[in-house]
Amino acid sequence: MRHRIFFSSILLLALFCGCKKDKGTLLQNPLDIKLGDPYVLLASDGRYYIYGTLESGIGFDCYSSSDLAEWAYEGRAFDGNTDYSWGTDCFWAPEVYERDGRFYMFYSANWKENPVESEIADWAREQGLFGEIEESWIYGVEMEPDFSGIIGEPVLLLRPPVRTDDTQAEWESRSVTSGEVNRRWTEGSFLLKKDGIYYMMYSANYFGGQHYAVGYATARHPLGPYTKAADNPILEKNIERGGIVTGTGHNSVTWSRDGSQYFCVYHGRTEATGQDRVVLIDRMEIGDGRITVHGPTTEPQVINVN
């Protein structure tokens with residue numbers, strides 16, 4: 001399993017703009033932003049800030065926008081090649097939170113490979129595909145209100161299906177069953193609450209392959225138990241439907257300034273972008289225990305975030 005190790009750093013952001021009212025902005029996917037694991041923060045200054053994983057894995061860049069469509073590069077938000085950094089490599093999946101006038105960045109660094117036994121692993125060995133299967137699981141833990149530490153012990157929230165008759169096993173095992181790679185990763189979690197329900201969006205399969213996709217699970221408590229949705233996956237490659245996007249995953253969610261509209265922010269690949277992960281943004285809906293993502297899209301769409 002891959003372990004998430006958190007570190008917080010203060011980011012001094014002093015970018016201000018007036019929020020003008022208009023009829024909308026034309027959004028064109030994919031964005032010209034080569035990042036993986038994109039996370040978007042709607043800050044108190046009214047601007048959106050996007051952070052993500054670099055292909056080099058050595059730090060995190062930042063872009064800003066007033067409308068989710070046009071983005072300006074703001075520079076390197078965090079550099080892992082510093083004397084004070086505890087990480088050595090694999091700087092991944094940054095998330096930034098604003099609290100009491102400060103900005104806190106959480107991220108992952110380093111990882112371990114541990115073979116995990118399951119019926120999928122047994123099947124892969126019998127088929128001569130892979131000798132062992134690597135998995136990653138999602139854990140959760142309560143944090144101190146000031147982010148200074150944790151309360152209690154981590155709790156296992158989600159993991160790949162163990163049995164082949166699990167209804168989630170087919171889509172969460174495509175990287176293995178297609179022979180692409182020996183990885184069944186449950187990762188890239190994003191948690192939000194609406195109408196008393198906690199929705200945990202997560203990604204499955206290999207992040208570097210075409211089968212990377214997004215599903216979700218629901219619970220009544222932030223630490224579960226979580227039930228995976230019957231309509232998973234809710235975001236996946238569209239090339240079988242005449243599209244050009246593959247490898248859709250590791251999403252975050254942002255919203256319009258008035259909170260009436262949700263947007264799913266994720267990375268993907270196209271033939272034009274090759275192995276470079278690029279950012280896409282699509283509308284999403286949440287309600288009655290369900291999440292719907294209207295994507296991936298590559299046709300121009302008008303959005304309004306005011």
Side-chain angles (χ1 to χ4, degrees), residues 13 15-33 35 37-52 62-72 74 94-99 103 188-203 213-219 222 229 231-236 238 243 245 248-268 278-306:
L13 299 178
L15 300 173
F16 300 90
C17 75
C19 299
K20 62 181 181 180
K21 295 182 179 180
D22 54 34
K23 295 182 179 179
T25 305
L26 193 65
L27 172 66
Q28 174 69 67
N29 281 326
L31 304 181
D32 188 23
I33 299 178
L35 291 177
D37 317 326
Y39 181 87
V40 171
L41 168 72
L42 175 54
S44 59
D45 64 6
R47 291 185 69 81
Y48 293 91
Y49 296 88
I50 191 168
Y51 310 83
C62 177
Y63 295 75
S64 71
S65 175
S66 62
D67 56 13
L68 292 182
E70 299 294 329
W71 293 85
E74 300 295 347
E95 297 185 6
V96 176
Y97 297 86
E98 182 179 6
R99 189 174 183 84
F103 294 83
S189 57
F190 185 91
L191 184 66
L192 67 161
K193 182 182 180 182
K194 183 176 174 60
D195 300 328
I197 300 176
Y198 290 91
Y199 296 84
M200 178 173 288
M201 302 180 75
Y202 68 96
S203 297
V214 175
Y216 70 100
T218 59
D231 55 340
N232 285 339
I234 57 171
L235 180 65
E236 60 183 320
N238 63 7
V245 182
T248 57
H250 204 127
N251 74 289
S252 64
V253 176
T254 192
W255 39 85
S256 58
R257 295 184 181 91
D258 63 6
S260 65
Q261 298 181 64
Y262 291 93
F263 300 93
C264 182
V265 185
Y266 58 99
H267 72 241
V278 289
V279 178
L280 299 93
I281 300 176
D282 280 307
R283 293 184 181 88
M284 63 176 281
E285 299 173 9
I286 310 172
D288 299 325
R290 298 188 61 188
I291 293 180
T292 302
V293 178
H294 300 287
T297 67
T298 50
E299 296 296 324
Q301 54 182 311
V302 176
I303 63 170
N304 194 326
V305 299
N306 293 321

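The analysis underlying the following values was restricted to heavy atoms, covering all of them including side chains, and did not include hydrogens, waters or symmetry mates.
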Inter-residue atom distance [X].[atom1] - [Y].[atom2], 0.5 Å rounding:
| X | Y | atom1 | atom2 | result |
| --- | --- | --- | --- | --- |
| Glu285 | Arg290 | CD | CZ | 10.0 Å |
| Ser66 | Tyr48 | OG | OH | 9.5 Å |
| Asn251 | Ile281 | CG | CD1 | 12.0 Å |
| Thr292 | Ile234 | OG1 | CD1 | 7.5 Å |
| Ile291 | Asp231 | CD1 | CG | 9.0 Å |
| Leu235 | Thr248 | CG | OG1 | 4.0 Å |

For a quick test of reading the model, state the closest non-hydrogen atom pair linking [X] to [Y] and the distance between them.
| X | Y | result |
| --- | --- | --- |
| Gly24 | Val302 | CA-CG1, 4.1 Å |
| Pro300 | Gln28 | CG-OE1, 3.1 Å |
| His267 | Leu280 | C-CD1, 4.0 Å |
| Ala69 | Thr25 | CB-CG2, 3.4 Å |
| Glu70 | Ser65 | O-OG, 2.7 Å |
| Pro296 | Glu236 | CD-O, 3.3 Å |

Would you check if [X] and [Y] make a side-chain contact, meaning some heavy-atom pair closer than 4.5 Å?
| X | Y | result |
| --- | --- | --- |
| Val40 | Leu42 | no |
| Thr297 | Arg283 | no |
| Leu192 | Ile286 | yes |
| Arg47 | Tyr49 | yes |
| Tyr51 | Glu74 | no |
| Ile50 | Val279 | yes |
| Tyr39 | Pro94 | no |
| Val293 | Val214 | no |

Neighbour count above 12 (heavy atom, 6.0 Å) for Asp258 CG: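 Enclosed.
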Residues in salt bridge (Lys or Arg N to Asp or Glu O under 4.0 Å) contact with Asp32, at least two apart in sequence or another chain: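 Partners of Asp32 by the salt bridge (Lys or Arg N to Asp or Glu O under 4.0 Å) criterion come out as none, since no residue qualifies.
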Set of residues satisfying ring-ring contact (aromatic ring centres under 6.0 Å, His included) with respect to Phe263, sequence neighbours excluded: none
Contacts of Tyr202 that satisfy ring-ring contact (aromatic ring centres under 6.0 Å, His included) - sequence neighbours left out: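 If we apply the ring-ring contact (aromatic ring centres under 6.0 Å, His included) test to Tyr202, skipping adjacent residues, the hits are Trp171.
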Short question: side chain of [X], backbone of [Y] - any donor-acceptor pair under 3.5 Å?
| X | Y | answer |
| --- | --- | --- |
| Tyr199 | Gly289 | yes |
| Asn306 | Arg257 | no |
| Asp37 | His250 | no |

Criterion side chain to side chain contact (heavy atoms under 4.5 Å, CB included) on Asn232 and Tyr216, from CA distance to verdict: CA-CA 7 Å; Asn232 285 339; Tyr216 70 100; 3.5 Å; yes
Leu68: which of Thr254, Asn304, Val265, Leu27 passes side chain to side chain contact (heavy atoms under 4.5 Å, CB included):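 Exactly one candidate clears the test, Thr254.
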Parallel, tilted or perpendicular: ring planes of Trp255 versus Tyr262, cut at 30 and 60 degrees: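 Aromatic pair Trp255/Tyr262 classed perpendicular.
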